[in-house]
Number of protein chains: 2
Amino acid sequence: MNVKKIPDIIIGRLPVYLRALQRMADNGAKTTSSQELGEHVGISAAQIRKDISQFGEFGKQGTGYSIQFLIDKLREILKVDRVWDVVLIGAGDLGHALANYNGFQNRGFRVVAIFDNDKNKVGQKIGEFTVEDTDTMLERIKSMGVKIAMTTVPASAAQEVADKLVQAGVRAILNYAPVSLNVPENVKVQYTDPSTNLQRMTYYL
Amino acid sequence: MNVKKIPDIIIGRLPVYLRALQRMADNGAKTTSSQELGEHVGISAAQIRKDISQFGEFGKQGTGYSIQFLIDKLREILKVDRVWDVVLIGAGDLGHALANYNGFQNRGFRVVAIFDNDKNKVGQKIGEFTVEDTDTMLERIKSMGVKIAMTTVPASAAQEVADKLVQAGVRAILNYAPVSLNVPENVKVQYTDPSTNLQRMTYYL
DNA sequence: CCAGATTTTGTACAATTTGACACAAACGCA
DNA sequence: TGCGTTTGTGTCAAATTGTACAAAATCTGG
């Protein structure tokens, strides 16, 4: 047993580190320290060192971390050292925004299909994609072997869509609808609905 | 001292409870239990009881919680028993999606203005809004007294925009750009970038 | 209408998880 | 070589979650 169980909370911070490191690399930096990285992401240096050290000794005393090396390691750990196919359900405004989003490039993701149940939208072009019918979704996802989905459907349809996605073999759902989804334990869901996020802040105003 | 310091992590769960409760209310339910609510949101019943009891004794043994009463209380606690004005910076696809989003209604928020620095977009209509120039943003926000902003600008512009928002008196920022923002301690930021959210899940695939 | 069974809350206490602190060891540099 | 920097980690403190149960309310069956 070489690998101990890594807490979710640490995994959740890694993408933040990765994002900051990639930004540093874009700016031409070669090395950084836990101190500097911490200032960028608003997390204590000690915490960052401990998080990273869960996976190996990637730094060097006196010098810090090689940015490129750490990026490579984090991408490997998070399994984004490859490109994941992602399907998008819901061709509304938000669906359009995600379809055209260029931030997936170089971050390990690629949208491969868009579905909607509105017959008026089916067949429409969004960028290079043609909106497909949700009736054919299950088969299409299965045959493509896609494991990741993003849902931008109305709250009322979200659970039904999620059920279908799970049935099709999807294992990770990024849910933009304002509802909690009921899924099996081996399926991960991330929620990201604007109202909920705003409500997390108003308490402090 | 009647009110003890409530941990952030509890505050973060309240909007989730609220969302589920509002959904139950829409479906005509009158009461619920910590058990039932927990099943809906995927959190243990004990945890929910403990969270809620931080603010008072809102339930009744043997019966559970009155849904409407709990909604009212949570809205009050989260300060969404009113309507907050929100400004939107960035009139791209995502900006359009948020401007047209109807999930803010009944959740305590209302978009009141949209800004962009692209002179081609300034003056454009988005729904009932006219895109305004970021040059006039600082004054406009100040005069309207807006405290909440959503940013859908490119990563490269996000920090600069955030600085201006802080200067204009904004105290809460929902940031869709894939960068960590550096803001004073009294300003809250919530991050919500698709790639980062997806990367939080790939580890488990 | 009532007594016992059932439900469900709120909380005391225990266990676990998470974060802060401190420092020896390693490295670079002058 | 000696000094300043920075990592990785052991130890401790704090925060968070889980468990269990008394008390309160409702329900049920006669």
Side-chain angles (χ1 to χ4, degrees), chain A residues 2-17 20-21 24 29-74 77 185 200 203-204, chain B residues 2-17 20-21 24 29-74 77 185 200 203-204:
Chain A
N2 187 16
V3 187
K4 51 185 165 298
K5 161 77 182 164
I6 308 290
D8 291 356
I9 194 157
I10 293 184
I11 299 301
R13 282 192 291 259
L14 299 186
V16 178
Y17 302 159
L21 289 164
M24 289 178 189
K30 297 297 177 202
T31 66
T32 187
S33 64
S34 59
Q35 177 75 38
E36 185 186 39
L37 181 54
E39 278 162 19
H40 277 56
V41 300
I43 293 176
S44 82
Q47 175 110 77
I48 290 175
R49 288 203 300 280
K50 205 168 229 182
D51 285 352
I52 293 174
S53 72
Q54 301 290 313
F55 304 95
E57 308 196 356
F58 300 156
K60 205 185 273 185
Q61 283 100 329
T63 310
Y65 300 91
S66 154
I67 290 176
Q68 192 54 54
F69 181 77
L70 196 49
I71 287 174
D72 290 346
K73 282 295 177 185
L74 288 178
I77 293 162
E185 223 180 287
R200 276 184 218 274
Y203 174 81
Y204 302 96
Chain B
N2 189 14
V3 187
K4 50 185 165 296
K5 161 76 181 165
I6 308 291
D8 290 357
I9 194 156
I10 293 185
I11 299 300
R13 282 191 292 260
L14 299 186
V16 177
Y17 302 159
L21 289 164
M24 290 179 189
K30 296 299 176 202
T31 66
T32 188
S33 63
S34 58
Q35 177 74 38
E36 187 186 39
L37 182 53
E39 278 163 19
H40 277 55
V41 301
I43 292 177
S44 82
Q47 176 112 78
I48 289 176
R49 288 204 300 279
K50 203 172 238 181
D51 285 353
I52 292 173
S53 71
Q54 301 290 314
F55 304 95
E57 307 197 354
F58 300 156
K60 203 185 275 185
Q61 282 103 328
T63 311
Y65 300 92
S66 153
I67 291 177
Q68 192 53 56
F69 182 77
L70 197 48
I71 287 174
D72 290 345
K73 282 296 177 184
L74 288 178
I77 292 162
E185 225 180 285
R200 276 183 218 273
Y203 174 81
Y204 303 95

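Naming convention: chains lettered A, B, ... in sequence-line order (proteins, then strands); numbering from 1 in each chain. Both backbone and side-chain heavy atoms feed into the values below; hydrogens, waters and symmetry mates do not.
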Student: If you compare all heavy atoms of I48(A) against all heavy atoms of S34(A), which two are closest, and at what distance to 0.1 Å?
Tutor: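 Heavy atoms of I48(A) and S34(A) come nearest at CD1-O, 3.9 Å.
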Student: Could you state the atom-to-atom distance from CD of E36(A) to C1' of dT5(D) in whole Å?
Tutor: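 So the CD-C1' distance, E36(A) to dT5(D), works out to 14 Å.
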Student: Where the side chain of S33(B) is concerned, which of dG10(C), dA20(C), dT9(C) is the nearest nucleotide?
Tutor: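 Output: dT9(C).
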Student: Over all heavy atoms of both residues, which pair between I67(B) and L21(B) is shortest? Give the atoms and the distance, please.
Tutor: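 Shortest heavy-atom separation between I67(B) and L21(B) comes out as CG2-O, 3.6 Å.
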Student: Quick one: is Q47(B) getting a side-chain N or O under 4.0 Å of the dT17(D) phosphate, OP1 or OP2?
Tutor: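 Q47(B) to dT17(D) OP1/OP2: side-chain N or O found under 4.0 Å.
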Student: Whole angstroms only, please: what is the CZ-P distance between F69(A) and dT7(D)?
Tutor: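 Computing the F69(A):CZ to dT7(D):P distance gives 14 Å.
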Student: Are OP1 or OP2 of dA20(C) and a side-chain N or O of R49(A) less than 4.0 angstrom apart?
Tutor: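 So the side-chain polar atoms of R49(A) never come under 4.0 Å of the phosphate oxygens OP1 or OP2 of dA20(C).
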Student: Any idea which of dA23(D), dT18(C), dT16(D) is nearest the P7(A) side chain?
Tutor: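 Per side-chain heavy atoms of P7(A), the pick is dT18(C).
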Student: Using a heavy-atom cut-off of under 4.0 Å over every strand shown, decide if F58(B) touches base, sugar-phosphate, or nothing.
Tutor: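 Since only primed, P, OP1 and OP2 atoms lie under 4.0 Å of F58(B), the category is sugar-phosphate.
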Student: At their closest point, which heavy atom of I11(B) faces which heavy atom of R200(A), and how far apart are they?
Tutor: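 Minimum heavy-atom separation between I11(B) and R200(A): CG2-O, 4.2 Å.
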Student: Just the rounded figure in Å: distance from P of dT7(D) to CD1 of I67(A).
Tutor: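 Atom CD1 in I67(A) sits about 12 Å away from atom P in dT7(D).
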Student: What's the NZ-C1' distance between K5(B) and dA14(D), to the nearest Å?
Tutor: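 The distance from NZ of K5(B) to C1' of dA14(D) comes to 14 Å, rounded to the nearest Å.
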Student: Of the listed nucleotides (dA23(D), dT6(D), dT11(C)), which one gets closest to any side-chain atom of E57(B)?
Tutor: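 Nearest to the side chain of E57(B) among the choices is dT11(C).
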Student: Please evaluate residues Y203(A) and L14(B) with respect to the criterion side-chain contact (heavy atoms from CB on, under 4.5 Å), reporting the C-alpha separation (whole Å), side-chain torsions for both, the decisive distance (0.1 Å), and the verdict.
Tutor: CA-CA 10 Å; Y203(A) 174 81; L14(B) 299 186; 5.9 Å; no
Student: Select from D8(A) and S34(B) the residue whose nearest nucleotide in DNA chain C is closer to the 5' end of that strand.
Tutor: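 Nearest nucleotide further toward 5': that of S34(B).
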Student: Could you check R13(A) against I43(A) for side-chain contact (heavy atoms from CB on, under 4.5 Å), going step by step and ending with a plain yes or no?
Tutor: CA-CA 9 Å; R13(A) 282 192 291 259; I43(A) 293 176; 3.5 Å; yes
Student: What is the distance from CD of Q54(B) to P of dT17(D), rounded to the nearest Å?
Tutor: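 Taking atom P of dT17(D) as the reference, CD of Q54(B) is at 11 Å.
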Student: Counting the atoms with a prime plus P, OP1 and OP2 as sugar-phosphate, which does I9(A) contact under 4.0 Å by heavy atoms, base, sugar-phosphate, or nothing?
Tutor: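 Sugar-phosphate contact only.
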Student: Reckon Y65(A) has a side-chain N or O less than 4.0 Å from the OP1 or OP2 of dT5(D)?
Tutor: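 It does not, given that no N or O in the side chain of Y65(A) lies less than 4.0 Å from OP1 or OP2 of dT5(D).
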Student: Rounded to whole angstroms, how far apart are NZ on K73(A) and P on dG8(D)?
Tutor: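 Result: 13 Å.
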Student: Taking only N and O in the side chain of T63(A), is any of them less than 4.0 Å away from OP1 or OP2 of dC27(C)?
Tutor: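 For dC27(C), neither OP1 nor OP2 has a side-chain N or O of T63(A) closer than 4.0 Å.
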Student: For A46(A) and for K60(B), find the nucleotide of DNA chain C with the closest heavy atom, then tell me which residue's nucleotide is more 5'.
Tutor: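 On the 5' side of the pair lies K60(B).
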Student: In whole angstrom, give the distance that lies between atom CD1 of I6(A) and atom P of dT17(C).
Tutor: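 It is 13 Å, rounded to the nearest whole Å.
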Student: Contact class for I52(B) (heavy atom, under 4.0 Å): base, sugar-phosphate, or nothing?
Tutor: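 Counting heavy atoms under 4.0 Å across all strands, no contact is made by I52(B).
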Student: Between atom CD1 in I10(A) and atom P in dT16(C), what is the gap in whole Å?
Tutor: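 Distance check: I10(A) CD1 to dT16(C) P gives 18 Å.
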